[in-house]
There are 2 protein chains.
Amino acid sequence: MDGARMQEIANEAGINKAMLHYYYRSKQLLFEAVFKNAFSLLAPQLNTILNDDSSIEDKVRNFCSNYISFIIKHPYLPNFIIQELNRNPDFLLKMKNNPGFPTTEKFKKQVALEIDKGIIKPINGEQLFINIMALNVFPFVAKPLIQTLIGVEDEEFEKIVEERKTSAADFIINSIKI
Amino acid sequence: MDGARMQEIANEAGINKAMLHYYYRSKQLLFEAVFKNAFSLLAPQLNTILNDDSSIEDKVRNFCSNYISFIIKHPYLPNFIIQELNRNPDFLLKMKNNPGFPTTEKFKKQVALEIDKGIIKPINGEQLFINIMALNVFPFVAKPLIQTLIGVEDEEFEKIVEERKTSAADFIINSIKI
DNA sequence: AAATAGTTTAACCAAGTGGTTAACAAATTT
DNA sequence: AAATTTGTTAACCACTTGGTTAAACTATTT
C-alpha cells in the first residue's frame, strides 16, 4: 500500500490511471480488493491443516508439501499479507465472520484427542499450529535474510525450499510422534 | 521507508524537519543509519546460536530463551529488517564483509560433528538453522495473523510467546535429540 | 436511429513530498 | 572579544501524489 503508486499500477495493467479510480474509486478500496483476493487464496490452504479429517501426521505431511508448492506459485503472497497486517492489524477482523475463515478450534480438539490416544506426545495445540506455520511460511518471508546468512543464490535457495516439503514435515513429526 | 514521513520523524524526535536533513542529508541515508543500527542489535543474537562453543542442545535452549526476551524488548525489529530486506534484497550485501557479520559455517560443521558422534539425528545444518530461526522469529513477524487465527488478544498472545521460550526449544530438541 | 448507459482518456488540481535556503543563535577556537 | 564553526528554524521550492473532470468514444436499449 505505502510503496505502490496508482500510476505504476495503471501502467502495469496497461490502462489509464483514471480507469483505476473509475473502477475502484480510491487507492484504499483497490487495496482492500487486492488484500481480500490474496487472503481468499490463502484461507483454503490454512483450512487443509485446520479442518481436514485426516490424522495430524497426514495433515502435517500434506500441508508442508502442498503449502510450499502453493507459495512457490504465489511468492508475493505471504509477505504481502504479513506486511499489510502489521500496518493495519485490525484489517482481518472485518473478514473474520466470512464463511470459510480459518479457525483453530477443530485442530486444537484433534491435537488433544491424539495426545489422549497416545498417538502424539503432549503439546499445546496453539503452539503446534504456530510451529507448523512458522516452519512453512518463514523461509519465504525471510528469504533475503536467510539467503545472505547461509550464502546461497536463488537457484540453491529454491532447492533448499523444495527440500523442505519433506524435511519440515519430518522435523515436525519427529518432534511429536511417539 | 515507504510509509515513513520526514516530518513525522522530526516531530517524534522533537526537532525541526530541516535538522533531519542537516544531520542525515537525505531520507535514504537516514534509513540506512536506522537499518544498520537495527541489524547491529540483531547480529550478536544470531551469533549466539551460530558461533557459540556450547553443544547444539544448549545453544538451542539458550537461543530460544534469549532471543524471545530480546524481541520482546525490540518488537519492531524483526518486521523492520524483513520488510526492508524484501524491498531491497541487496542491502545486506554491503554489510556482509563487516566483522561480526553472522555466517553459518561453524554451525554447519558443529551439526555434522554432533551427528557423527551420535548426539543428534541426521539433519541438514542449513535446514536446522532455518527451523530454529523460523520457530523463534515467525510468531513476532506474523503476530496479527496468528492472533486473529487463534483468536487471542495481546495479553494472551504475550503469554503464548513467553511460553515459547521453553516450548520452541523443546520442540526442536525433541526432533533432533537421539 | 435516437437515446441512454457504460467506458476511456488527457488535462487538471489541491495537498503532500523530500529537500533547500538564508537568516539567526549558540558554542568553540583563535 | 573577534572569528569561525556548529546548531536551529521558518519559509520556501520543485515535484509527485491521489483524485477529479469534462469531453469523446463505444456499446446497449428503446
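Computed from heavy atoms alone, side chains included, the values below leave out hydrogens, waters and symmetry copies.
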message: Using whole Å, what does the distance between atom C1' of nucleotide C:dT17 and atom CG of B:Leu30 come to?
response: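 Rounded to whole Å, this separation is 15 Å.
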
- request: For nucleotides 9-22 of chain D, just jot down a letter per nucleotide in 5' to 3' order: B, S or -, based on protein non-hydrogen atoms under 4.0 Å.
  value: BB------SBBBB-

query: Is the closest side-chain donor-acceptor distance between B:Gln147 and B:Asp154 under 3.5 Å?
result: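 B:Gln147 vs B:Asp154: donor-acceptor pair found between side chains.
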
- prompt: For residues B:Arg164 and A:Asn131, is any side-chain donor paired with an opposing acceptor at under 3.5 Å?
  reply: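 Looking only at side-chain atoms, A:Asn131 and B:Arg164 do form a donor-acceptor pair, the distance falling under 3.5 Å.
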
- prompt: Can you name the closest pair of heavy atoms from B:Pro75 and B:Ile72 and give their distance?
  reply: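 Heavy-atom minimum between the residues: CD-O, 3.5 Å.
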
For residues 31-40 of chain B, tabulate all N or O donor-acceptor pairs below 3.5 Å that involve a side-chain atom, not counting sequence neighbours.
| residue | atom | partner | partner atom | Å |
| --- | --- | --- | --- | --- |
| B:Glu32 | OE2 | B:Gln28 | NE2 | 2.7 |
| B:Ser40 | OG | B:Asn37 | O | 2.7 |

message: Please report the end-to-end axis angle for the helix from C:dA1-D:dT30 to C:dT30-D:dA1, five pairs per end, rounded to 10 degrees.
response: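 Result, rounded to 10 degrees: 0°.
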
Is it true that [X] and [Y] make a salt bridge, defined as a side-chain N closer than 4.0 Å to a carboxylate O?
{"X": "B:Asp53", "Y": "B:Lys106", "value": "yes"}
{"X": "B:Lys121", "Y": "A:Asp170", "value": "no"}
{"X": "B:Glu162", "Y": "B:Lys159", "value": "no"}

task: List the steps and the verdict of side-chain hydrogen bond (donor to acceptor under 3.5 Å, both in side chains) for B:Asn66 and B:Arg61.
output: CA-CA 9 Å; B:Asn66 294 343; B:Arg61 292 203 191 278; over 6 Å; no

Short side-chain N/O contact to D:dT6 OP1/OP2 from B:Tyr23, under 4.0 Å: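 Answer no for this pair, as no side-chain N or O of B:Tyr23 is under 4.0 Å from OP1 or OP2.
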
